[in-house]
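Following: one structure in structure tokens, then a few remarks.
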Amino acid sequence: MNYRKSMMPNKNGELVIGGVKVSELREKYGTPLYVMDVEFIKSVCCAFKDTIAKYYGGFGGVAFASKAFSCKAIYAIMKSLDMNIDVVSAGEIYTALSSGFDISKAYFHGNNKLVSELEYAVNNNIGVVVIDNIEEIEILNDICSKKGIVQKVNIRTNPGVEAHTHSYIQTAKIDSKFGFSIENGDAMTAILCILKCKNLTLNGVNCHIGSQIFDSNAFRLAVDVMTDFILEIKNTTGIEIGELNMGGGFGVHYTESDPKYSLEDYCNYIKIITMAINDAVESKKIAKPRLMVEPGRSIVGESGITLYSVGNIRDIKGIKKYVCIDGGMFDNIRPALYQAEYEAVIATNCNAKAEETVSIAGKCCESGDIIIDKIDLPVAKRGDLIAVFTTGAYGYSMASNYNRNAIPPVVMVENGKSDYAVKPQSFEDIARNDNIPDFLK
Ligand SMILES: *Cc1c(COP(=O)(O)O)cnc(C)c1O
């Protein structure tokens, strides 16, 4: 287990997170429950910013990719740390605005931003719109011209570097739904198109090469392609690109097969990116661009655990044993969606020896609703409290009301204090927008 300073078993073997015992959290808030360790979130944000300060003269910033975890409390944390954010819908913009976050520090991404979303973003003074499609250029320019403003834009490029957890490839075959290909000239066409628009100003270029990436060489390669492109823009148009946004995708620890990170290791991705840019700036003779990174998972992923209570045990003798929990795919879709793997403990007895291999099964009516397919645990019984680790990213943000289960509340903890970041849903909340059509009455 990758225990951290602010998330560790006490001497009785009970997991304590942010100074609060898990048994207290269950008593106060019930299960299933998402718990987020604020100290961890803050420490990662600060470490990422410090890395840019140390290795890149502070010439840049960190934008939290809020699709990983979006609610008012997280935007309030980002505001308090003077972070940038990345948003991907009007709903995320609305949530950030309602928490008092200054949207001029936000980057608006998306491969099909709705016209209404672009209008909403512009009307609320969005910082940068990241252009992802040639039609979007004209639509956005029209919106801005009606409003009489000049909007900062970046373009999302596709550098042809595809990174996965343990490998990466450079490919000319680009079949992504995101971004303009650099290789086939689409990205340059988009740049020239933006430069013709009176109400748009070109702020920078973006890429995002994948997610849950461990091999820093993938980022080195992407920097090389991106700085080549910046040089090409300079040679073609005479313009020096002011900002290079290298996206997110930094890998985190889910299971034994992933590296265990100290905060310092965590920052290594950014350190390597800064060094690669510094080298490229010198060798390619381009102006040093402002560096943005956009991590989501690495900021919130390991800050979060999900607490569940054990219900039925289904022991199919000699074949498989299921430990059923009061949550499942409605609070964590990742195992069903892409075979994501997790680790877990019996949280009131973390140090007990594993005695059997079981499946941790959710309560939804889907055979695929398994949170962990194979895990070695002490013998679990009804009422035991299970903690699943590294659920802070893409857990709550992907939750649903499948089977009309309530989306669990999110509690934040820090220095022995705890409070809701997202309150529990009532049955009434679940059915709030239901309507029986008049013609059925
Ligand atoms: C998803 C995404 C991110 C964040 O990715 P993580 O793997 O959570 O760090 C950043 N930038 C863009 C454009 C994305 O789509």
Side-chain angles (χ1 to χ4, degrees), residues 36 40-41 44-45 47-48 51 60-70 74 78 83-89 92-93 105-113 121 126-133 136 153-159 161-166 168 174 176-180 187 203-216 218-219 222-223 226 243-254 258-259 261 266-270 272-273 291-304 332-334 337-338 340 390-398:
M36 308 276 288
F40 179 86
I41 296 171
V44 176
C45 291
F48 282 177
T51 306
V62 182
F64 170 59
S66 64
K67 70 173 194 258
F69 179 68
S70 176
I74 195 75
M78 294 306 144
M83 291 272 290
N84 293 86
I85 58 168
D86 147 1
V87 290
V88 292
S89 71
E92 284 187 358
I93 295 173
K105 298 195 67 168
Y107 289 74
F108 187 19
H109 277 274
N111 68 304
N112 186 27
K113 303 174 199 76
I126 190 84
V128 176
V129 176
V130 184
I131 300 282
D132 201 308
N133 184 282
E136 193 171 74
V153 298
N154 283 14
I155 74 160
R156 167 82 180 266
T157 68
N158 190 325
V161 180
E162 250 185 54
H164 307 280
T165 302
H166 297 292
Y168 65 92
I174 289 137
S176 167
K177 74 169 183 174
F178 301 106
F180 298 96
N203 175 72
V205 291
N206 282 43
C207 68
H208 173 70
I209 57 172
S211 215
Q212 187 60 2
I213 303 166
F214 289 118
D215 190 341
S216 307
F219 290 108
V223 165
M226 293 304 288
E243 182 173 292
L244 173 58
N245 183 321
M246 290 300 298
F250 313 149
V252 305
H253 179 88
Y254 283 102
D258 305 322
Y261 279 145
Y266 234 59
C267 296
N268 214 29
Y269 305 109
I270 296 176
I272 282 166
I273 289 171
L291 168 65
M292 290 299 299
V293 287
E294 275 173 354
R297 188 189 312 274
S298 49
I299 289 178
V300 287
E302 289 184 50
S303 79
N332 187 352
I333 190 69
R334 297 184 67 254
L337 189 62
Y338 37 65
T390 318
T391 58
Y394 307 105
Y396 170 75
S397 68
M398 286 185 156

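Any value given below was found using the heavy atoms of this structure, including those in side chains, with hydrogens, waters and symmetry copies removed. We count ligands from 1, going down the list as the structure has it; atoms in each ligand are counted the same way.
Of the inter-residue distances, the one linking C207 atom SG with L244 atom CG reads 6.5 Å to the nearest 0.5 angstrom.
Under the side chain to side chain contact (heavy atoms under 4.5 Å, CB included) criterion, T390 pairs with V252, Y254, E302, not counting sequence neighbours. With sequence neighbours excluded, the residues satisfying side-chain hydrogen bond (donor to acceptor under 3.5 Å, both in side chains) with K105 are D82. With sequence neighbours left out, the side chain to side chain contact (heavy atoms under 4.5 Å, CB included) criterion links S89 to E92, E117.
Of the possible donor and acceptor atoms, one in the side chain of S397 sits under 3.5 Å from a partner among the backbone N and O of K67.
For ligand 1, residues of the protein lying within 4.0 angstrom by heavy-atom distance are A65, K67, D86, H109, R156, H208, S211, G248, G249, E294, P295, G296, R297, Y394.
Using a 30° and 60° split on the angle between ring planes, Y269 and F250 fall in the parallel class, below 30°.
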